[in-house]
Amino acid sequence: MPALRFFCKDTIMAKVVTRFAPSPTGHLHIGGARTAIFCWLLARHFGGDYHLRIEDTDLERSKQEYTDSILASMRWLGLDWDGDLNYQTQRTALYNSYVDKLLENGHAYWCSCTPEEVDAMREEARAKGLKPRYNGQCRTRNVGAGEGHCVRLKAPLTGKVVFNDMVKGTIAVDVSELDDMVIRRADGMPTYNMAVVVDDYEMGITHVIRGDDHVSNTPKQILIYQALGLPVPIFGHVPMILGPDKQKLSKRHGARAVIEYQDDGLLPQALVNYLVRLGWSHGDQEIFTLEELVKLFDGNNMNASAAAFDPDKLQWLNAHYMRTLPLPELTELLLPFVEKAGFGTVDKALVEKMASLFRERASNLKELAEAFRPLLISAEQLSYAEAGVKKALTEEGRQHLAALRLAYAEADFGDTATLEKIMHDYVEQNSLKFKQVGPPMRVALLGYLGGPHLPDVMTILGKAETLARLERAVNL
RNA sequence: GUCCCCAUCGUCUAGUGGCCUAGGACAACGCCCUUUCACGGCGUCGACGGCGGUUCAAACCCGCCUGGGGACGCCA
């Protein structure tokens, strides 16, 4: 495992500029989200800039709605970006001006070979057990521009391309592994690697943090930088995120887009915390606020190996944030979920009260809203858990409920202590154990065994509803 | 096929030659707390892929093997 320290504060001279460059062909996925978070953190840690570039050159699959969705996820995660958005489709002329420079300085040449001919060359090489590559036959032919002609980079014939990756350490590739790649297609459009190099240079990017799958593009891009005489940025290739089964993340693994987690009631700080911790560490610390992350994340301690996504740990983190978030803040986030659960518009103060009672019993907003159900429906609508009925609503249990109903009919529901005292007095006066009356009360009031402190439940329910539920349970 | 990358408990990880009879967290299990559930506390289970080498000493360095992943486009 490489352990290169690039980012001692005093070694950074120029301003750090990072970028995240998604293709708007889908929603923001957790892998991309993690990359974006790393880029953002590095920039923020060093007081630099974080840019967004939309790589929309795949006209077929790119859609505005995806760009919008990605931006929405970015905002939800709290990743603000600097400057304007850059759209690659709007910069074709710029890319080609750099291709022209390469043509002029002799680092590129026109090629008239057809794709079929190139395929044949590759096939031939492959048959000999060699790396499939273009044989460079137009290198010296000077074919010039023309119909069907593309432009290729005149790559060096010998030597190695070496770079120090922030996460993987030194990576060296022999140029014989690379071929004279096309940098401008016959239709005049630049190719991906060309566009990326030009963009990263033009945007002043100092640190390119991206997915693992780009390591093999890096030497190619470095060749372009060198041919152009441009400074090469620092690269950091973060490994991919695997499914819980260690297989590539796919549909069958469930949620993969951050928007899905949002809809499921996750808190953004939980997702960010989880994702950062997946592939980066700071000793044994598990919980980090955004501020802490900004302070701590200096580009070191990123893990070079792929990590499996663990939904359980995410839920645990989320549950942690659910119970530590200031109550009013949690309530605000909860409101839409309460509405989505079909309870209509519920008074905010009531939601807050219920949230305080149930927050440590739920691990996400959706679950929490759902936990309110027994309190928001009427006695007749309440459904009972079979196990609870069997265990608690026995003949004896019902007798206690009937007796307590009488006592509560006289009670003042404005005072929680009174409501509690009634139960205890009843237990004492009849020489009972609390567990003889507690469980029946729970099932009668909530429909299941478990839940918050009974007097609190009764307070929320109110007198009429409490009595109705006791009545119904007695006669069930 | 060729090249590149990766390899510590089930999972995320700590670990940069002696502090390691390998630490933390999630999960699982058990106990405690408790008016139930949950929270919390305590504990149990559980890993350095294999083989060689370097060294007084290796999870850490080197080599080979094995296993996994990625890349080899006029896709991005």
Side-chain angles (χ1 to χ4, degrees), chain A residues 1-3 5 21 23 25 55-58 60-62 88 111 113-115 118-119 122 125-134 148-152 165 168-169 171-174 176-179 181-187 189-193 195-196 211-220 237 239-240 242 244 246 248 274 277-287 301 303-317 319-320 323 358-363 388 392 420 423-424 427 433-435 437-439 441-443 446 448-455:
Chain A
M1 204 180 301
R5 261 112 246 246
S23 292
T25 54
E55 305 206 329
D56 55 350
T57 53
D58 185 339
E60 302 280 299
R61 298 190 302 145
S62 295
Q88 281 193 323
C111 170
C113 297
T114 64
V118 177
D119 280 347
R122 293 208 167 88
R126 204 186 286 271
K128 287 189 206 155
L130 298 171
K131 184 99 176 176
R133 51 194 295 247
Y134 173 66
H149 294 191
C150 64
V151 177
R152 287 181 182 276
D165 192 275
K168 307 247 184 210
I171 295 178
V173 176
D174 201 284
S176 64
E177 290 300 321
L178 282 6
D179 62 3
M181 72 186 119
V182 172
I183 53 179
R184 175 181 153 145
R185 289 184 258 267
D187 65 5
M189 291 296 285
T191 55
Y192 170 74
N193 283 312
V196 167
D212 216 343
D213 46 334
H214 285 289
V215 280
S216 57
N217 280 326
T218 305
K220 300 179 190 175
H237 290 96
M240 53 196 274
L242 272 18
K246 285 262 182 189
K248 200 167 176 171
Y274 178 75
R277 191 58 190 62
L278 190 66
W280 173 84
S281 61
H282 178 68
D284 287 337
Q285 190 170 345
E286 296 286 351
I287 311 240
N301 303 311
N303 211 131
S305 56
F309 186 83
D310 180 4
D312 286 335
K313 191 161 181 180
L314 211 209
Q315 287 297 317
W316 168 76
L317 264 169
H320 165 83
R323 68 184 104 88
F358 286 95
R359 72 198 307 201
E360 51 187 43
R361 296 173 171 81
S363 56
E420 177 156 22
M423 277 192 289
H424 287 295
V427 166
K433 295 250 196 256
F434 192 88
K435 66 178 175 195
V437 315
M441 284 291 281
R442 287 194 175 283
V443 176
L446 292 167
Y448 62 93
L449 291 162
H453 199 54
L454 255 9

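Reckoned from all heavy atoms, side chains included, excluding hydrogens, waters and symmetry mates. So that the names make sense, note that chain A is the first sequence line, chain B the second, and so on, each numbered from 1.
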**OP:** Tell me, please, which residues at least two apart from A/Asp310 pass side chain to side chain donor-acceptor pair (under 3.5 Å).
**Re:** none
Subject >> A/Asp174 bridged to A/Lys131 by N-O distance under 4.0 Å >> reply: no
Original post:
Taking only residues two or more places apart in sequence, or in another chain, which ones meet A/His214 in a side-chain contact (heavy atoms from CB on, under 4.5 Å)?
Top reply: A/Tyr192, A/Arg210, A/Asn217, A/His237
Original post:
Residues in side chain to side chain donor-acceptor pair (under 3.5 Å) with A/Thr25, at least two apart?
Top reply: none
Subject >> Test ring pair (Phe, Tyr, Trp, His ring centres under 6.0 Å) applied to A/His424 - qualifying residues, sequence neighbours left out >> reply: A/Phe434
Original post:
side-chain contact (heavy atoms from CB on, under 4.5 Å) with A/Lys435: which residues, sequence neighbours excluded?
Top reply: A/Lys433
Original post:
Which residues satisfy the side-chain contact (heavy atoms from CB on, under 4.5 Å) test with A/Asp56, sequence neighbours excluded?
Top reply: A/Pro24, A/Ile54, A/Ser62, A/Tyr87, A/Gln88, A/Thr89
Would you tabulate the nitrogen or oxygen pairs shorter than 3.5 Å linking the protein to nucleotides 17-27 of chain B?
| residue | atom | partner | partner atom | Å |
| --- | --- | --- | --- | --- |
| B/G23 | N2 | A/Asp284 | OD1 | 2.7 |
| B/G24 | N2 | A/Glu286 | OE2 | 2.8 |
| B/A25 | O4' | A/Glu286 | OE2 | 3.4 |
| B/C26 | OP1 | A/Trp316 | NE1 | 3.4 |
| B/C26 | O2' | A/Lys313 | N | 3.3 |

**OP:** Under 4.0 Å between any heavy atoms, over every strand shown, what does A/Lys246 touch: base, sugar-phosphate, or nothing? Just pick one.
**Re:** sugar-phosphate
**OP:** Under the side-chain contact (heavy atoms from CB on, under 4.5 Å) rule, collect the residues that match up with A/Val182, sequence neighbours excluded.
**Re:** A/Cys150, A/Arg152, A/Thr191
Original post:
How would you list, by chain and number, every residue that makes a side chain to side chain donor-acceptor pair (under 3.5 Å) with A/Arg61, sequence neighbours excluded?
Top reply: A/Asp58
**OP:** Encode nucleotides 30-39 of chain B as B, S and - characters from 5' to 3', where the letter depends on protein heavy atoms closer than 4.0 Å: B to the base, S only to sugar-phosphate, - to neither.
**Re:** -----BBBBS
**OP:** Pick base, sugar-phosphate or nothing for A/Lys128, based on heavy-atom distances below 4.0 Å to the nucleic acid.
**Re:** nothing
Original post:
Quick one: salt bridge (Lys or Arg N to Asp or Glu O under 4.0 Å) partners of A/Arg277, sequence neighbours excluded?
Top reply: A/Glu286
I'd like a list of close polar pairs between nucleotides 73-76 of chain B and the protein, N/O only, cut-off under 3.5 Å.
| residue | atom | partner | partner atom | Å |
| --- | --- | --- | --- | --- |
| B/G73 | OP2 | A/Arg122 | NE | 2.3 |
| B/G73 | O5' | A/Arg122 | NH2 | 3.3 |
| B/C74 | O3' | A/Arg185 | NH1 | 3.4 |
| B/C74 | O2 | A/Ala186 | N | 2.9 |
| B/C74 | N4 | A/Cys113 | O | 2.7 |
| B/C75 | OP2 | A/Arg185 | NE | 3.3 |
| B/C75 | OP2 | A/Arg185 | NH1 | 2.8 |
| B/C75 | O5' | A/Arg185 | NH1 | 2.9 |
| B/A76 | OP1 | A/Arg185 | NH2 | 2.5 |
| B/A76 | OP2 | A/Arg185 | NH1 | 3.3 |
| B/A76 | OP2 | A/Tyr192 | N | 3.2 |
| B/A76 | O3' | A/Thr57 | OG1 | 3.3 |
| B/A76 | O2' | A/Ser23 | OG | 2.9 |
| B/A76 | N6 | A/Asn217 | OD1 | 3.1 |
| B/A76 | N6 | A/Asn217 | ND2 | 3.3 |
| B/A76 | N1 | A/Asn217 | ND2 | 3.3 |

